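Numbering of ligands and ligand atoms starts at 1, following listing order. All values below were derived from every heavy atom in this structure, side-chain atoms included, with hydrogens, water molecules and symmetry-related copies excluded. Nothing here was measured: the structure is a model prediction, and the numbers come from that model.
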Amino acid sequence: AKEQFNWDEYLKETESVAAPLHCFRQSRIPPTNDFKVGMKLEARDPRNVTSVCIATVIGITGARLRLRLDGSDNKNDFWRLVDSSDIQPIGTCEKKGGMLQPPLGFQMNASSWPMFLLRTLNGAEMAPAAFFKKEPPKPVPNCFKVGMKLEAIDRKNPYLICPATIGDVKGDEVFVTFDGWRGAFDYWCRCDSRDIFPVGWCSLTGDALQPPGNNVSITKSSAKIQSSPSKVTRRSMQSPQKSAPVPAQRGRKPGRGKPPGQSAV
Ligand code: MLY
């Protein structure tokens, strides 16, 4: 049987604290996901954010929807929370006097868009308005601190939510570092990003939380805070070459480690 990732143990092992709930632009109680595969809705085109398009729910994962724009290919799926402001019921765009647009990379001749739109909506199962939840308000100010733990979307593999650590804080932005991945997936984002979640989010929503990678040392947030390293030092702790050599299994006691390779996708 696969050993489940356990935040309580992990926070102890890493002598870290979870970022407080009020730091995040996420509802304290995650929204329920009532959507069903096949339902249609309106979504902002992630590759062309001024366009509102028709999207189909391709999959459900926790409080998120896997979406594909109608008329697009299957290589550009994206994921949105059910309380994302990027999605809305069909009819919303027209009500606001807007026009539904073909997705970027519409697979047919542009002139066939009006007919395509009619056909794709004809007989479609439209997601009911009640399924769309109100986006939570922005938290102000930025209250994240270096070393705090969280769950974050891997933007290179956006279906994945992973254990992460705040690596730096600057104004309204935070540097999200992925535990055990040597910096390759780290990114800066606004503190009110919808891509970051409090510890425990996945277990509440039923989304799958990836285990940390096993490539690098754990960073003890207490150590980081106490030694108050300069920005340069902190950065170098995350860089692949300069990180200290570490025992395998991130120093876990024998027998408690995860089998290697679990997190590779
Ligand atoms: N197997 C892929 C994906 C890695 C995902 C890393 N995330 C979880 C931070 C790779 O190694 O590139």
Side-chain angles (χ1 to χ4, degrees), residues 2-11 13-14 16 18-19 24 26 30 46 58-67 74-81 144 146-169 173-191 193-221 224 234-252 256-265:
K2 255 197 263 178
E3 194 192 321
Q4 280 291 327
F5 174 70
N6 181 322
W7 263 121
D8 287 334
E9 277 178 30
Y10 188 66
L11 290 176
E13 281 174 25
T14 58
S16 312
F24 295 88
Q26 302 294 350
I58 295 298
I60 309 278
T61 175
R64 300 186 298 159
L65 308 172
R66 176 177 177 172
L67 298 173
N74 59 6
K75 301 269 149 35
N76 291 286
D77 291 354
F78 55 104
W79 285 259
R80 289 294 176 269
L81 289 159
F144 288 101
V146 170
M148 286 176 168
K149 297 285 183 193
L150 66 158
E151 299 179 6
I153 290 188
D154 172 356
R155 287 186 169 172
K156 291 185 181 166
N157 305 280
Y159 45 94
L160 298 177
I161 302 183
C162 318
T165 308
I166 299 293
D168 204 349
V169 179
E173 304 233 319
V174 293
F175 190 57
V176 176
T177 69
F178 288 87
D179 290 27
W181 288 98
R182 295 176 177 254
F185 300 90
D186 300 354
Y187 56 82
W188 282 96
C189 67
R190 292 183 49 86
C191 64
S193 166
R194 302 307 315 280
D195 289 351
I196 56 177
F197 308 94
V199 163
W201 177 265
C202 283
S203 90
L204 288 175
T205 58
D207 216 329
L209 180 67
Q210 300 302 302
N214 43 26
N215 295 313
V216 93
S217 68
I218 45 171
T219 357
K220 297 186 176 181
S221 49
K224 273 175 129 185
R234 255 190 250 135
R235 228 28 102 57
S236 64
M237 286 166 78
Q238 282 147 0
S239 93
Q241 286 79 23
K242 289 173 192 161
S243 52
V246 226
Q249 304 297 342
R250 306 188 314 279
R252 281 164 178 263
R256 292 179 59 234
K258 289 187 213 15
Q262 293 257 31
S263 42
V265 175

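The minimum heavy-atom distance linking Leu67 with Ile58 is given by the pair C-CG1, 4.4 Å.
Near Cys162, with a cut-off below 4.0 Å to any heavy atom, the atoms of ligand 1 are 8 (C). For ligand 1, the atoms lying closer than 4.0 Å to a non-hydrogen atom of Phe185 are 4 (C), 5 (C), 6 (C), 9 (C), 12 (O). Within the listing of ligand 1, atoms 3 (C), 5 (C) sit less than 4.0 angstrom from a heavy atom of Asn157.
With sequence neighbours excluded, the residues satisfying side-chain contact (heavy atoms from CB on, under 4.5 Å) with Leu11 are Trp7, Ser16, Ala18, Lys149.
Residue pairs meeting the salt bridge (Lys or Arg N to Asp or Glu O under 4.0 Å) criterion with at least one partner in residues 193-213, sequence neighbours excluded, are Arg64-Asp207, Asp83-Arg194, Glu135-Arg194, Arg155-Asp195.
If you check the side chains of Asp186 and Thr177, you find no donor sitting under 3.5 Å from an acceptor.
Polar contact check, Asp154 against ligand 1: a nitrogen or oxygen pair lies under 3.5 Å apart.
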